Chemist: 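Before we start, here is the structure in question, set down as structure tokens.
Predicted, not measured: the structure shown is a model, and the values here were computed from it. All heavy atoms count here, side chains included; hydrogens, waters and symmetry mates do not. Just so it is clear: chains get the letters A, B, ... in the order the sequence lines come, proteins before strands, and each one is counted from 1.
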Number of protein chains: 2
Amino acid sequence: MTIATVARHARVSRQTVSNVLNAPHIVREETRQRVQEAIAALGYRASQAARQMRTGRSRLIAVRIEPTRDGINGSVLDRFLHGLTETAEAAGYRTMLYTASDTAREIAAYDDLLSAYDLDGFVLTGTHHGDPRTAWLAERGVAFVTFGRPWDDPEAHPWVDVDGAAGTGRATGHLLARGHRRIGFLGWPAGSGVGDDRRAGWREALRAAGIDPTGLDRETEDGIAEGERSMRDLLATDAPPTAVVCASDSLALGALQAVRAADPPVAVVGFDDTPVAAAVGLTSVSQPLGDAAARCVDLLTAVLDGDQQTPAPVLLQPSLVLRHTA
Amino acid sequence: MTIATVARHARVSRQTVSNVLNAPHIVREETRQRVQEAIAALGYRASQAARQMRTGRSRLIAVRIEPTRDGINGSVLDRFLHGLTETAEAAGYRTMLYTASDTAREIAAYDDLLSAYDLDGFVLTGTHHGDPRTAWLAERGVAFVTFGRPWDDPEAHPWVDVDGAAGTGRATGHLLARGHRRIGFLGWPAGSGVGDDRRAGWREALRAAGIDPTGLDRETEDGIAEGERSMRDLLATDAPPTAVVCASDSLALGALQAVRAADPPVAVVGFDDTPVAAAVGLTSVSQPLGDAAARCVDLLTAVLDGDQQTPAPVLLQPSLVLRHTA
DNA sequence: TTGTAGGCGTTATCAT
DNA sequence: ATGATAACGCCTACAA
């Protein structure tokens, strides 16, 4: 069934049917209705392929599905993808997946997706300093949004992010309110935007409460074993912390093992609110992933539909999910 | 850039370029090479839209992304999706995502995807008795594979599954080898194919060892709290089990809480090897999700490329990942 | 083995 | 406001 079938059924020309679909306002009300009825009666759907060939637009957006790294943090992508697909559907776009094991291959994937499938836009996750992917896309005028700030230049392109500093700040505030003074922090080595941001939130919250954060934090790679080691290290100091905020649930889980037998118990707060946190009762900072995904689609469609060139970035607030550990 | 650009560049007709792409064997070696070089030099890629319009095939397969249910089991989808996308790419197919909150909407989604995007095939996850989705697709001659057996008729359509009974059987065997005799089972209410299968594996393993499984199992909905309750129930019997096999990591986590202070410790085995299991050291049955995804693509492309009408189903073996709890 | 002609379903342009 | 015509890039049939 084609647009011609509908045209015959409604006794109009093909062009009029096309107009009803793409520019309803220029068709006379009565004609419009007749065509709409024919469309409904026939169950007609425009062929994307034909439309795409004519317009050069595919109504497709792409997002990379990463190999689950450490398993614990991997499950955030799940929720993000679902939100993305759902919101995109509502906006008339479909979501396409691609994989890439490194940045060079990812750029090759863009090239393929763009030239073969005419992709309309990309959603990138996890940007870092001097990310070559954003430069490549921007150079070619391809529409894209990142979930994660461009740490070099906040104006570079549309982005959505969660305010990590506010998250760790909130966690620290909660611990302060519970009477803790010596509150530690377990985070990643300096240099990663996300990690530095989360550390800064903790540091500023302590300073605002008149507490010197010096010596209360540790830098380590992500992982359960690493978290345990760093926490033991922290506990072995002259003035060990009575509570600790962590940059990830993995680190928090390790910390939890290190403080297992401590009395009075040492409070632990994680980050990401992964299923693992829920399972073991770990208090954790939760990112609004569904919202974040939805706003990514909003920004991308804003660019694609030409509403504006560079829509304003979106910074979402995380929340603290209280459980047993803090 | 079109096929004509390449043709000019290689000083052949458009048709010859097309032949090099779609039927290389009928082009003279020398000509073929010249065309290949032109393609590479120009970075030419055939437009899927145009190709699709002519051939009616999109080289697109679709898979549903579900809202993360209980968080713990949700993360399996992640790994499956990655494997699927990767294998599909290698076979020249792209993966498209869709959402649906219930079966009726899912069928509506098929309709849309099929008529608007000309989807080549679907991968369904989690089939159940009398699944209307498979009937709908089969009726219309749409290619699809399910990850999960058709419990009514194993010949109904191509499928890939993991042998759940073998998994629980293996777990039970491991516990028997460790000297356990009274081995319990925590599973879901009878009626779900997957649940019944997992229970049967445990039951048969016990019977084969000359042990009567009567009274050693419990039926409950999935969940941590439910697992804990059922385990307590089992421990309160006259002859409580010294070990337990569970139908999911959620149930196992609950069981773990119920047996926390038991001495001698009660062994616990979960199912799915989720990140949570890894985090808490839970021994669990692991499904080869990457393999399963790859075989799904194999079966689907076999149908699409017309190699055979109904390729033989694939039953994969799970493995037992040993950790602290058993 | 290579070239020519036509059409897939849609939308843009232009005429009515 | 509506209709006729052409073109998007490709592949299949057929002719050379």
Chemist: Atom CD of B:Gln15 and atom P of D:dA16: how far apart are they, to the nearest Å?
Modeler: 16 Å
Chemist: Using whole Å, what does the distance between atom C1' of nucleotide C:dC8 and atom CZ of A:Arg51 come to?
Modeler: 16 Å
Chemist: Do A:Arg54 and C:dT11 have a side chain to base donor-acceptor pair shorter than 3.5 Å?
Modeler: yes
Chemist: Ignoring the backbone of A:Thr2, work out which of C:dT11, C:dG9, D:dC10 is nearest its side chain.
Modeler: C:dG9
Chemist: Please state whether the phosphate of D:dC11, meaning OP1 or OP2, lies under 4.0 angstrom from any side-chain nitrogen or oxygen of B:Ser18.
Modeler: yes
Chemist: Between D:dC10, D:dC8, D:dG3, which nucleotide gets closest to the side-chain atoms of A:Met53?
Modeler: D:dC8
Chemist: Using a strict heavy-atom distance below 4.0 Å, which residues from residues 19-33 of chain B are in contact with DNA chain C?
Modeler: B:Ile26, B:Val27, B:Arg28, B:Thr31
Chemist: How close or far is atom C1' of D:dG9 from atom CD of B:Gln52, stated in whole angstroms?
Modeler: 13 Å
Chemist: What's the closest nucleotide to the A:Ile3 side chain, out of C:dT11, D:dC11, C:dT2?
Modeler: C:dT11
Chemist: Counting only side-chain nitrogens and oxygens, does B:Tyr44 get under 4.0 Å of the OP1 or OP2 atom of D:dC10?
Modeler: yes
Chemist: How long is the span from the NE2 atom in B:His82 to the CZ atom in A:Arg64, to the nearest 0.5 Å?
Modeler: 7.5 Å
Chemist: Across the strands shown, which category fits A:Ala46 at heavy-atom distances under 4.0 angstrom: base, sugar-phosphate, nothing?
Modeler: sugar-phosphate
Chemist: Using a distance-only test with no angle check, is there a side-chain donor-acceptor pair under 3.5 angstrom linking B:Glu106 and B:Tyr98?
Modeler: yes
Chemist: Nearest to the side chain of A:Ser47, which nucleotide is it out of D:dT2, C:dT10, D:dA13?
Modeler: C:dT10
Chemist: Between B:Glu29 and B:Arg32, is there a salt bridge with N-O shorter than 4.0 Å?
Modeler: yes
Chemist: What is the distance, to the nearest angstrom, from the CE atom on B:Met1 to the C1' atom on D:dG9?
Modeler: 12 Å
Chemist: Check this for me, if you would: do B:Asp111 and B:Arg105 make a salt bridge, where the nitrogen-to-carboxylate-oxygen distance has to be below 4.0 angstrom?
Modeler: no
Chemist: A:Arg14 CZ to C:dG9 P: how many Å, rounded?
Modeler: 10 Å
Chemist: So, OP1 or OP2 of D:dC8: does either fall under 4.0 Å of a side-chain N or O from A:Thr55?
Modeler: no
Chemist: Expressed as a whole number of angstroms, how long is the span from B:Arg11:CZ to C:dT1:C1'?
Modeler: 17 Å
Chemist: How many whole angstroms separate atom CZ of B:Arg57 from atom P of D:dG9?
Modeler: 23 Å
Chemist: For B:Tyr93, is the NZ or CZ atom of B:Arg59 found under 6.0 angstrom from the centre of its six-membered ring and inside 45 degrees of the ring axis?
Modeler: yes
Chemist: Quick one: do B:Thr134 and B:Trp159 satisfy side-chain contact (heavy atoms from CB on, under 4.5 Å)? Show the steps, please.
Modeler: CA-CA 11 Å; B:Thr134 54; B:Trp159 56 265; over 6 Å; no
Chemist: Is it the case that more than 12 heavy atoms not belonging to A:Arg295 sit under 6.0 Å from its CZ atom?
Modeler: no
